[in-house]
Number of protein chains: 2
Amino acid sequence: MKRDSRLSSVLHALLHMAGQDRPMTSDELAACMRTNPVVVRRTMGLLRQAGLVSSERGHSGGWRIKADLAAVTLRQLHEALGEPTVFAIGNRHETPDCLVEQSVNAVLDEAFAQAEALLLERFASVTLADLSAEFTRRFKEIKAPER
Amino acid sequence: MKRDSRLSSVLHALLHMAGQDRPMTSDELAACMRTNPVVVRRTMGLLRQAGLVSSERGHSGGWRIKADLAAVTLRQLHEALGEPTVFAIGNRHETPDCLVEQSVNAVLDEAFAQAEALLLERFASVTLADLSAEFTRRFKEIKAPER
DNA sequence: AAAAACGTAATAAGGTAAGTTGCATGAAGA
DNA sequence: TCTTCATGCAACTTACCTTATTACGTTTTT
């Protein structure tokens, strides 16, 4: 199954943008992420709708982070992307007539709901600032390994 | 996104089989699940490889549950199906060069790993017997509602 | 005016689960 | 033994979804 990698993509993009003072263009971000600038616009457009980034057209235009890095959680980004389906596994029929299947669905749904709740809770606990710190930590580790 | 519904399917099938003394044919199961008998054979074949069901050919052949209902967990079934990918969301690149992307991946992977662990733990805690009991409960509730 | 950038719609490409067809094989019953 | 009913299996098709691409319009700066 083809997995939705937009959350991963926008995080990558936002962290690169965070290190810049000037706006970054869709072409620059696309080059970073090995994708197409139109895909970048489409995805970043969703973040703009959520008020997390802004875009400017014309010369020296591009994308800018609008929010405080410490105030943006992965969960907000997930929501900005339209809360895409989390699981690649699911029930065969959503509202079956068969009582057996209803029972199966109920039990599976409960398990999936718990796992999704945990995932979203984890997402809510991580901010862009945290990610940035994680990057800094890794960067230092590479420059001064085996301390 | 197209979701893998085989776990849901086999649970449905197994519960129907559990209520029967005779083997059930792929055609019968396919009719229950509104699918194709070949799909049933493909999926049930995986359970047979795991030793959970047996199949017999020819007249009065079909599928039978080999194991004790109380001894088979959803997790075992998930494993029998080849442990299909749980999440519909994932990293853009699995082993990126970019240190930023590595950091993003690491944090996301951690969250996904926790959620998957919880899901599998839930799966491990539910047996076919539990599902059967859930069905019985629902069945009684319908026959004697608002007690 | 030209160049650089985003905005958006429409379409193609690529991958995966599920569905379908066809034929071989084996077991039971007439 | 012959027919029927069942699984086994391979090959192919269909459906759907994400991502990529193409094309054109619009806005802003130089």
Side-chain angles (χ1 to χ4, degrees), chain A residues 1-10 12-13 17 20 22-49 53-64 66 78 81-94, chain B residues 1-10 12-13 17 20 22-49 53-64 66 78 81-94:
Chain A
M1 165 169 311
K2 192 158 231 173
R3 298 156 93 193
D4 183 337
S5 62
R6 290 177 303 163
L7 180 59
S8 161
S9 292
V10 298
H12 187 184
M17 290 161 64
Q20 305 282 333
R22 58 177 185 82
M24 286 184 76
T25 68
S26 303
D27 279 73
E28 285 173 316
L29 292 172
C32 277
M33 304 157 69
R34 312 246 167 86
T35 181
N36 191 293
V38 178
V39 173
V40 172
R41 288 189 197 111
R42 240 189 334 239
T43 314
M44 295 298 283
L46 295 172
L47 302 196
R48 184 185 48 220
Q49 283 177 33
V53 302
S54 61
S55 61
E56 293 153 41
R57 304 216 253 194
H59 266 286
S60 71
W63 299 91
R64 243 187 247 276
K66 265 177 94 175
H78 177 67
L81 294 175
E83 304 199 64
T85 307
V86 167
F87 294 107
I89 301 179
N91 293 329
R92 180 164 174 77
H93 307 111
E94 271 322 308
Chain B
M1 165 166 315
K2 190 158 236 172
R3 299 156 91 193
D4 182 338
S5 61
R6 290 177 303 162
L7 180 58
S8 160
S9 292
V10 297
H12 186 183
M17 289 160 64
Q20 305 282 333
R22 57 179 185 82
M24 285 185 76
T25 68
S26 302
D27 279 73
E28 285 173 317
L29 292 172
C32 276
M33 304 157 69
R34 312 244 166 87
T35 181
N36 191 295
V38 178
V39 173
V40 171
R41 285 187 200 113
R42 238 185 342 236
T43 314
M44 295 297 284
L46 296 172
L47 302 196
R48 182 185 49 219
Q49 282 176 35
V53 300
S54 61
S55 62
E56 293 153 42
R57 306 216 251 195
H59 267 287
S60 70
W63 300 91
R64 242 187 249 274
K66 262 177 95 175
H78 176 68
L81 294 174
E83 304 199 62
T85 308
V86 167
F87 294 107
I89 301 180
N91 294 329
R92 181 165 173 76
H93 306 110
E94 271 322 309

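In the text below, chain A, chain B and the rest are named by the order of the sequence lines, each starting its count at 1. Quick note: numbers below take in every heavy atom, side chains included, and nothing from hydrogens, waters or symmetry partners.
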Just how far is it from atom [atom1] of [X] to atom [atom2] of [Y], taken to the nearest 0.5 Å?
X       : Y       : atom1 : atom2 : value
A:Thr43 : A:Arg6  : OG1   : CZ    : 6.5 Å
A:Met33 : A:Glu28 : CE    : CD    : 13.0 Å
A:Asn36 : A:Asp27 : CG    : CG    : 8.5 Å
A:Leu47 : A:Lys66 : CG    : NZ    : 12.0 Å
B:His12 : A:His93 : NE2   : NE2   : 8.5 Å
B:Ser55 : B:Met24 : OG    : CE    : 15.0 Å

Can you tell me which residue pairs pass the salt bridge (charged side-chain N to carboxylate O under 4.0 Å, His left out) test with a partner in residues 53-63 of chain A, sequence neighbours excluded?
->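 Sorted result for residues 53-63 of chain A: A:Glu56-A:Arg64.
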Which whole-number value in Å describes the distance from [X] [atom1] to [N] [atom2]?
X       : N      : atom1 : atom2 : value
A:Asn91 : C:dA17 : CG    : P     : 17 Å
A:Leu29 : C:dC6  : CG    : C1'   : 12 Å
B:Leu47 : D:dG8  : CG    : P     : 12 Å
B:Asp4  : D:dC16 : CG    : C1'   : 14 Å
B:Trp63 : D:dA6  : CH2   : C1'   : 11 Å
B:Arg6  : C:dA17 : CZ    : P     : 7 Å
A:Asn36 : C:dA12 : CG    : P     : 16 Å
A:Leu46 : D:dT18 : CG    : P     : 13 Å

For [N], does either OP1 or OP2 sit under 4.0 Å from a side-chain N or O belonging to [X]?
X       : N      : answer
B:Ser55 : D:dG8  : yes
B:Ser60 : D:dC5  : no
A:Thr35 : D:dA20 : yes

When we call it a touch if two heavy atoms are under 4.0 Å apart, what does A:Gly45 touch: a base, just sugar-phosphate, or nothing?
->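 Since no nucleic acid heavy atom lies under 4.0 Å of A:Gly45, the category is nothing.
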Minimal non-hydrogen separation, B:Ala30 against B:Pro37, with atom names |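 So the minimum-distance heavy-atom pair works out to CB-N, 3.5 Å.
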Which comes earlier along DNA chain C counting from the 5' end, the contact point of B:Gly58 or that of A:Ser26, where each point is its nearest nucleotide?
->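 Nearest-nucleotide comparison on DNA chain C picks A:Ser26.
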Tabulate protein N/O versus nucleotide N/O from nucleotides 9-14 of chain D, keeping only pairs under 3.5 Å, one per line.
from, atom 1, to, atom 2, distance (Å)
D:dA11, N6, B:Arg42, NH1, 3.3

Whether A:Arg92 side chain and B:Arg34 backbone form a donor-acceptor pair below 3.5 Å =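 Yes; judged by distance alone, with no hydrogens or angles, the pair exists.
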Any N/O pairs under 3.5 Å between the protein and nucleotides 1-4 of chain D? List them or say none.
from, atom 1, to, atom 2, distance (Å)
D:dT4, O2, B:His59, NE2, 3.1

Between the side-chain atoms of B:Arg57 and the base atoms of D:dT7, is any donor-acceptor pair under 3.5 Å?
->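 Answer is yes: a donor-acceptor pair is held.
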